[in-house]
S.K.: 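Mind having a look at this structure? Questions to follow.
Only heavy atoms go into these numbers, but all of them, side chains included; no hydrogens, no water, no symmetry mates.
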Amino acid sequence: MPPLSSDASAPRPITEFSYLPGQALALDTQVPAVERLSLTLPDGRSLSALRFGDGPAEVTFLHGAGLNAHTWDTTILALGRPALAVDLAGHGDSSWRDDADYTGGTLAADVAAVLPVWTDRPQVVVGQSLGGLTAAALAAHSPELVRSLVIVDITPGVDQSTGPAALREFYRVVDAADRDELVDRAMSFGFGGTRVDTLRGVFLNTRVRPDGRVEWKHHFAHIAATLLDAPADAPASAAPPRSILGETGWTDLAAVTCPITMIRATHGFVSDEAEREFAARVPAATVRRMEGSHNLQETSPVELADAIRTIADAGSAGL
């Protein structure tokens with residue numbers, strides 16, 4: 001038997017799909033077919049996504065600010081259905097916006113442009129945090145694309161001095177000497193699940209600069225740092241011109257005609273007051289609580305997948 005070549009014994013490089021087998025093993029399931037998609041938008045920017053499964057996507061996932069499509073990996077594996085996970089503009093492999101406009105309505109317009117290309121039927125659209133506000137805008141303005149709306153741990157009435165402020169403070173630090181330093185910071189803020197899971201998230205959401213330092217690869221971190229560092233009396237032109245959470249969420253939700261479910265994390269950003277306001281303003285919606293922190297897709301992925309499966313099955317007749 002000939003000796004192994006040095007190439008055969010060399011470690012395989014880590015790719016964006018390297019973690020999936022371990023995640024699937026932990027769930028006692030199989031890794032479905034998965035591919036990276038990209039589409040050029042009319043203005044020249046590109047939008048990217050991950051497509052899971054061989055059949056037509058049934059569920060489309062939209063991540064929160066500072067995350068990317070891979071935040072949904074474990075949830076999608078547990079769900080066991082063909083799905084699409086989109087990198088919103090300014091995140092993951094999607095282009096940044098020159099105007100720094102990452103409000104829900106603007107992000108939703110991008111999603112509305114790609115769904116008819118990447119899917120062939122109305123979707124159960126699941127959005128977490130900023131992705132939830134984006135999903136609401138999508139359902140309001142492109143109702144033909146959405147058959148059910150699931151909003152995870154966000155409402156337009158969330159107190160920006162608590163959860164979102166913590167998120168902005170987290171991204172005050174945009175780079176580090178290595179990924180372990182960023183993992184430590186993420187865990188100190190209560191983001192992510194186990195250290196292994198958090199390390200995976202950090203790997204998939206960072207890049208190594210030419211100087212050897214590791215930085216977040218999404219635009220949101222740099223915007224948040226700019227907002228925090230701007231003097232109180234700075235002119236408006238010194239900071240990005242748009243509010244990241246936006247102010248049209250309630251209007252969007254009022255216009256949604258499909259079923260709405262809001263899933264609140266027990267240790268997340270939605271307070272009792274915000275939940276009561278949501279229930280009063282959107283009385284037809286279903287509200288449920290789920291044990292976990294703000295990123296339920298990472299801290300309670302199986303439970304979240306079970307809830308999404310039930311919602312998807314409830315409206316699947318005739319598809």
Side-chain angles (χ1 to χ4, degrees), residues 41-49 60-69 71 85-92 94-115 125-143 145-146 149-171 216-228 230 236-256 260 262 269-270 274 277-278 281-282 294-295:
L41 300 170
D43 63 3
R45 291 180 300 113
S46 65
L47 206 71
S48 189
T60 289
F61 293 87
L62 307 179
H63 61 76
L67 301 175
N68 59 62
T71 191
V86 177
D87 279 336
L88 297 175
H91 297 76
S94 293
S95 300
W96 291 11
R97 293 188 61 91
D98 292 338
D99 60 4
D101 182 358
Y102 297 114
T103 53
T106 298
L107 296 174
D110 288 347
V111 179
V114 299
L115 281 186
V125 178
V126 182
Q128 184 258 346
S129 201
L130 176 62
L133 300 179
T134 302
L138 178 70
H141 299 287
S142 300
L145 300 176
V146 184
L149 173 63
V150 182
I151 300 170
V152 180
D153 206 51
I154 195 69
T155 79
V158 161
D159 181 359
Q160 295 191 42
S161 68
T162 54
L167 196 62
R168 291 195 298 272
E169 180 63 27
F170 172 68
Y171 284 120
W216 299 107
K217 64 180 182 179
H218 54 83
H219 202 183
F220 183 83
H222 303 271
I223 293 172
T226 299
L227 290 172
L228 284 166
S237 59
R242 305 282 186 168
S243 165
I244 290 174
L245 282 183
E247 299 177 352
T248 63
W250 292 125
T251 301
D252 289 336
L253 284 168
V256 174
I260 302 173
M262 194 273 280
F269 288 176
V270 178
E277 181 183 21
F278 181 88
R281 286 177 174 261
V282 195
H294 181 56
N295 294 338

S.K.: Ring centres of H63 and H91 under 6.0 Å apart?
M.R.: yes
S.K.: Can you name the nearest heavy-atom pair linking H294 to S129, along with the distance?
M.R.: NE2-OG, 2.9 Å
S.K.: Any idea which heavy atoms bring A274 and T155 closest together, and the distance?
M.R.: CB-OG1, 4.0 Å
S.K.: For V111 versus L138, what's the shortest heavy-atom pair and its separation?
M.R.: CG1-CD2, 3.9 Å
S.K.: With a 4.5 Å limit on heavy-atom distance, are the side chains of D110 and R45 in contact?
M.R.: yes
S.K.: Taking only residues two or more places apart in sequence, or in another chain, which ones meet D98 in a side-chain hydrogen bond (donor to acceptor under 3.5 Å, both in side chains)?
M.R.: none
S.K.: Is any side-chain heavy atom of I260 closer than 4.5 Å to a side-chain heavy atom of F278?
M.R.: yes
S.K.: Please find the pair of heavy atoms, one from A137 and one from D252, that lie closest to each other, and give the distance.
M.R.: CB-OD2, 3.4 Å
S.K.: How many angstroms lie between CG in N295 and CZ in F269, if you round to the nearest 0.5 Å?
M.R.: 7.5 Å
S.K.: Quick one, L149 and I151 - any side-chain contact, counting heavy atoms below 4.5 Å?
M.R.: yes
S.K.: Taking all non-hydrogen atoms of both residues, which atom of Y102 and which atom of L130 are closest, and how far apart?
M.R.: O-CD1, 3.6 Å
S.K.: G157 and W250: which non-hydrogen atoms are nearest, and at how many Å?
M.R.: N-CZ2, 3.4 Å
